[in-house]
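Right, one structure below, let's go through it.
Labels below follow one simple rule: chain letters A, B, ... track the order of the sequence lines, proteins then strands, and each chain is numbered from 1.
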Amino acid sequence: MTTPSHLERLNPEQLAAIETTEGPLLVLAGAGTGKTRVLTTRFAHILLSGRAKPWQVLAVTFTNKAAREMRERISFILGAPAEGLWLGTFHALCARMLRRHAEHVGLTSGFLILDTDDQLRLLKQVIEPWRVDVKRWPLPGLMGIIQRWKDRGLTPDAITPAENVDYADGHARAIYAAYQTRLRELNACDFGDLMLHMVEILRKHPDVLEQYHRMFRYILVDEYQDTNTVQYLWLRLLARRPGDVSNICCVGDDDQSIYSWRGAEVENILRFEQDFPGATIVRLERNYRSTAHILGAAAGLISHNDGRLGKTLRPGREDADGEKVRVVGVWDSDAEAREICMRIERLHGEGHPLGEIAILVRAGFQTRAFEERLVQTGIPYRIVGGVRFYERAEIRDALAYMRALVNPADDLAFERIVNVPKRGVGTAALQKMHVQARARQQPLAPTLAAMIEEKLIKGKSADKQAEFIAALSGARATLAKEGHVVAVETLLEESGYLDMWRNDTAPDAPGRVENLHELVRALADFPTLGEFLEHVSLVMDTEGASEEQKVSVMTLHGAKGLEFDTVFLPGWEEGVFPSQRTLDEGGNKGLEEERRLAYVGITRARHRLTILHASSRRIYANWQESMPSRFLDELPDEHVEREGENATRQARRDHSGLFSSSVFSDDISGSMSPLVAKRRKRMQEELAASTPQIKVGTRVFHQKFGYGVVIEADRGATEVSFEKSGIKRVMSSYLQPIAD
DNA sequence: CCTGAACGCTTTTTT
DNA sequence: AGCGTTCAGG
C-alpha cells in the first residue's frame with residue numbers, strides 16, 4: 001500500500017497525532033514542532049479517508065487568522081476549496097449556532113453583536129439607578145468583572161454572594177443582571193454572550209444538543225491551553241456523546257499559555273485526561289524551527305516552571321547548532337535601540353531580508369525608542385498591533401452610520417453618531433429623546449424624526465438633526481436603487497461626516513479620510529451591507545497585505561505563532577520583564593506566566609537570537625537603575641554568549657560613532673577574519689554597483705523624509721538636508737537619486 | 001454645548 | 001513626562 005501524499009514526510013509522532021482518529025486525543029505540541037501541519041493534515045485525513053463529511057467535523061481556533069490559514073491549507077491538501085466546514089473561531093462558530101436557536105435565550109436570529117464601545121455605552125446607561133461612583137469604580141473595571149464571569153460560564157443567577165466581588169458597593173451582580181436584561185431588550189449580544197448563551201442552550205435543550213452530537217463526529221481544537229471555562233464547557237458538551245466515543249482532538253502547549261489574565265485556564269489542558277478518560281496523549285517534541293542553542297536556552301529557561309505536563313524540545317535537524325544566543329548589556333534604552341538597529345543594519349548589509357527580523361517587547365511603551373531609532377536610521381519597519389483598522393474612531397463611526405442605515409432600530413449606533421458631527425445633541429437632548437422614545441414605544445431614530453416634525457425641537461440644532469434624518473432616509477432610498485456602496489458613500493457625504501474630517505486641521509485627519517475611503521472600497525467585496533456588517537463584527541482584523549520587506553516590532557503576546565530568522569528581545573530587566581505588576585498581582589503564578597512568555601519569545605527565533613538588558617531605564621519621569629532579569633540567569637551557560645558586561649564601556653562605544661561597527665566602515669576590518677573581511681568587501685562592492693551615484697549636491701528622495709539634497713556623502717552613511725525634515729544622517733541605500 | 005484646566009493612569013488582547 | 005479623559009465654568 002502506498003502512503004497518501006498528504007501523509008508523506010511526517011515523523012512518527014506527527015503521524016500518530018493524525019491517524020489516531022477515534023477517541024479523545026491530546027496533542028502536546030511544543031513550539032515549532034509542526035502543530036499546524038498536524039492539525040490541517042488530520043482534518044484532511046478524516047475527510048479523505050471517508051470517516052466524515054465536511055460538515056461533520058468541528059474545527060475551532062482562537063483567531064480569524066488561524067482559521068483562515070487552516071482553511072487555506074486544507075483546501076490545498078484537498079485540491080479544492082474547503083466549503084461547508086464548521087471551521088472558525090469559538091465566537092464565529094457560536095454566532096452561527098446561536099442564529100439557529102436564538103429564541104431559546106430570548107433573542108431573534110437577527111440579533112446584533114456589540115463591539116466594546118457599545119458595551120460600555122450600554123453599561124453606562126444600565127448602572128444609572130445604582131448611582132455608582134464611577135470615579136472609584138471605573139466602568140471598564142466593572143465591564144471586566146462581568147466579562148470574567150461570562151468567561152467562567154456564569155449567568156447572573158449563578159453568581160453566589162461569595163462570588164459577588166467587592167466592587168461597585170457589592171452591586172456588581174445586580175448590575176450584571178440588569179445589563180443582560182437590557183441586551184435582550186435590544187436583541188443584542190456581546191462577545192461573551194455568544195459562548196454563554198450557546199452553553200445555556202446546549203444544557204437546557206437536549207434536543208438541540210443531540211442534533212449537534214449527531215452532526216459533529218470529530219472535533220478539533222487549536223491552542224487548547226488558551227481556552228477559558230465557557231469555551232471548555234461548550235467543547236465538553238459537544239464532545240461527550242452518550243453511548244459513543246468522544247472524538248475530540250485538542251492541540252496545545254501548556255508552556256505557551258500566556259493569556260490567564262483574560263480568563264484562559266491552563267488547568268483545562270492539564271486536566272484533559274480526567275475530562276476525557278482513556279485519552280491518548282501524543283507529544284510533538286521534534287523542533288524543526290530553531291538551532292540547538294536556541295532550543296537549549298528555551299528548555300533551560302522553562303525547566304524552572306513547576307506543574308508542567310513535561311515536554312522537551314529536541315532539535316529535529318542535523319545542521320542545527322548555529323550561533324549561541326547572545327546576551328548583551330547596554331547602558332540605557334537609547335543604547336539598546338542603537339545597538340539593535342546597528343545589528344539590523346549589519347544583517348541587512350549581509351543580505352538578510354528585513355522581513356525575517358523581529359524586535360519583540362514585553363509592553364507597548366518599549367516600542368517608542370525603537371521606532372525613533374528605526375526612523376532615524378531609515379530602516380523600514382512596521383509596528384504590529386497598534387490601533388487596529390476597525391478600532392479607529394472614524395471606522396467605528398462609519399460602521400455605526402451603516403448600522404443605523406440598515407437597521408433604524410439600532411439605538412446604540414444611533415447614539416454614537418447622532419452628534420457626530422456636532423448637531424447640538426448633548427446629554428440633555430439625548431435624555432429627552434429617550435423619554436419620548438419610551439413613551440412612543442419606538443426606537444430613537446424614528447422618535448427624533450417625529451419630534452422634529454412636531455416641532456418639539458427648534459432652532460439651528462433642529463435643522464441639523466433634520467438633515468441627519470434626511471440623510472439616513474435618503475441613503476435608504478439609494479440603497480434600494482443603486483446598491484450599498486453608493487448608499488454608504490452618499491450617507492457619509494450627506495450627513496456631513498466626511499466633511500467633518502476634511503475640515504479638521506489635526507495632522508491625522510487626512511489619514512482618517514483615507515481610511516474611510518478604504519472602508520467603502522472593502523464594502524464592494526460583499527453582496528449586501530448586512531453581510532459586510534456581520535463579517536466586520538466577528539472578523540475584526542484586516543490583513544494588510546505586507547508588500548514590502550520590513551522589520552517587525554511587536555509585543556511578545558503578538559508574536560505568538562510567528563517565527564523569524566532573527567529575533568531581538570530587549571528589556572530583559574527586573575520590573576520590565578518579568579513585569580513588576582504581574583509579580584505584584586500574580587505572585588509565583590504570575591512569574592511562571594512571565595517565564596512562559598520569555599519561552600515564547602525565545603522560540604520565535606530560527607537562527608539568531610539576541611537578548612538585551614539595560615543598566616538604567618526611565619520609568620515614567622525619572623531614571624532608575626535596573627537589574628538584569630532573573631530569566632537571564634536561567635539560560636544555560638553552554639548555549640549563551642554574554643557581551644557588554646561593562647555597561648559603561650558599552651555606552652562609550654555606542655556614543656563614539658553611529659556607524660562605527662556597521663558593514664560600511666573599514667575601521668573594524670582589522671579585527672575581522674580575512675574571510676569575513678573579504679565577504680564584506682565583496683558586499684560593499686556589490687552595494688556600490690547596485691547603488692546609483694550619490695554625491696554631495698545630488699537631489700534625492702527618501703521614503704520617510706521626502707525630498708532633499710545631499711550635503712555630505714560617506715560610504716553608507718550620508719547627510720541630507722531634507723526640505724521638510726531638516727538635516728538627517730541616513731543610509732544611502734535608502735536614498736533614491738532624482739534626476740533634475 | 002463648548003472650552004481649558006485638573007486629574008489620574010501608565011502590561012499583555014481576541015472576538 | 002505625556003496623554004487622554006473628565007469636570008467646572010463661560
Polar-atom pairs under 3.5 Å, protein N or O versus N or O of nucleotides 12-14 of chain B: list them with distances, or write none.
from   : atom 1 : to     : atom 2 : distance (Å)
B:dT12 : OP1    : A:G364 : N      : 2.8
B:dT12 : O4'    : A:R362 : NH2    : 3.3
B:dT12 : O2     : A:W261 : NE1    : 3.4
B:dT12 : O2     : A:R362 : NH2    : 2.6
B:dT13 : OP1    : A:T555 : OG1    : 2.6
B:dT13 : O4'    : A:R262 : NH1    : 3.2
B:dT14 : OP1    : A:R388 : NH1    : 3.4
B:dT14 : OP2    : A:R388 : NH1    : 2.6
B:dT14 : OP2    : A:R388 : NH2    : 2.7
B:dT14 : O4'    : A:R262 : NH1    : 3.4

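For residues 220-233 of chain A, every residue pair satisfying the salt bridge (Lys or Arg N to Asp or Glu O under 4.0 Å) rule, not counting sequence neighbours, is listed here: A:K35-A:D222, A:K35-A:E223, A:E223-A:K560, A:D226-A:K560.
The residue among A:V425 and A:S579 whose nearest nucleotide of DNA chain B lies closer to the 5′ end is A:V425. Ranked by how close their nearest DNA chain B nucleotide is to the 5' end, A:A429 and A:R581 are led by A:A429.
A:R71 is linked by a side-chain hydrogen bond (donor to acceptor under 3.5 Å, both in side chains) to nothing, counting only residues two or more places apart in sequence or in another chain. A search for side chain to side chain contact (heavy atoms under 4.5 Å, CB included) contacts involving A:I145 returns A:W149, A:V165, A:Y167, not counting sequence neighbours. Partners of A:D584 under the side-chain hydrogen bond (donor to acceptor under 3.5 Å, both in side chains) rule, at least two apart in sequence or in another chain, are A:Q580. Among residues two or more places apart in sequence or in another chain, the side chain to side chain contact (heavy atoms under 4.5 Å, CB included) test is passed with A:V576 by A:Q366, A:E573, A:R617. A:E265 is linked by a side chain to side chain contact (heavy atoms under 4.5 Å, CB included) to A:T229, A:E267, A:N268, counting only residues two or more places apart in sequence or in another chain. Shown here are the salt bridge (Lys or Arg N to Asp or Glu O under 4.0 Å) partners of A:D255, two or more places apart in sequence or in another chain: A:R308, A:K311.
Atom NZ of A:K150 and atom P of B:dT15 are 18 Å apart (whole Å). What separates CG of A:D584 from P of B:dT11 is a distance of 11 Å, to the nearest Å. A straight line from CH2 of A:W572 to P of B:dT11 spans 20 Å, rounded to a whole angstrom.
As rounded to the nearest Å, B:dT12 and C:dT5 have P atoms that lie 16 Å from one another. Spacing between C:dG2 and B:dT13 at atom P, rounded to whole Å, works out to 24 Å. Rounded to whole Å, the separation between the P atoms of B:dT14 and C:dC3 comes to 24 Å.
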Reading 5' to 3' through nucleotides 3-10 of chain C, protein heavy-atom contacts under 4.0 Å coded B for base, S for sugar-phosphate only, - for none
--------
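Results of the side-chain contact (heavy atoms from CB on, under 4.5 Å) test with A:Y224 over A:V251, A:L235, A:D254 single out A:L235 as the only residue that passes.
Here the shortest heavy-atom pairing between A:W86 and A:V57 reads CB-O, 3.5 Å.
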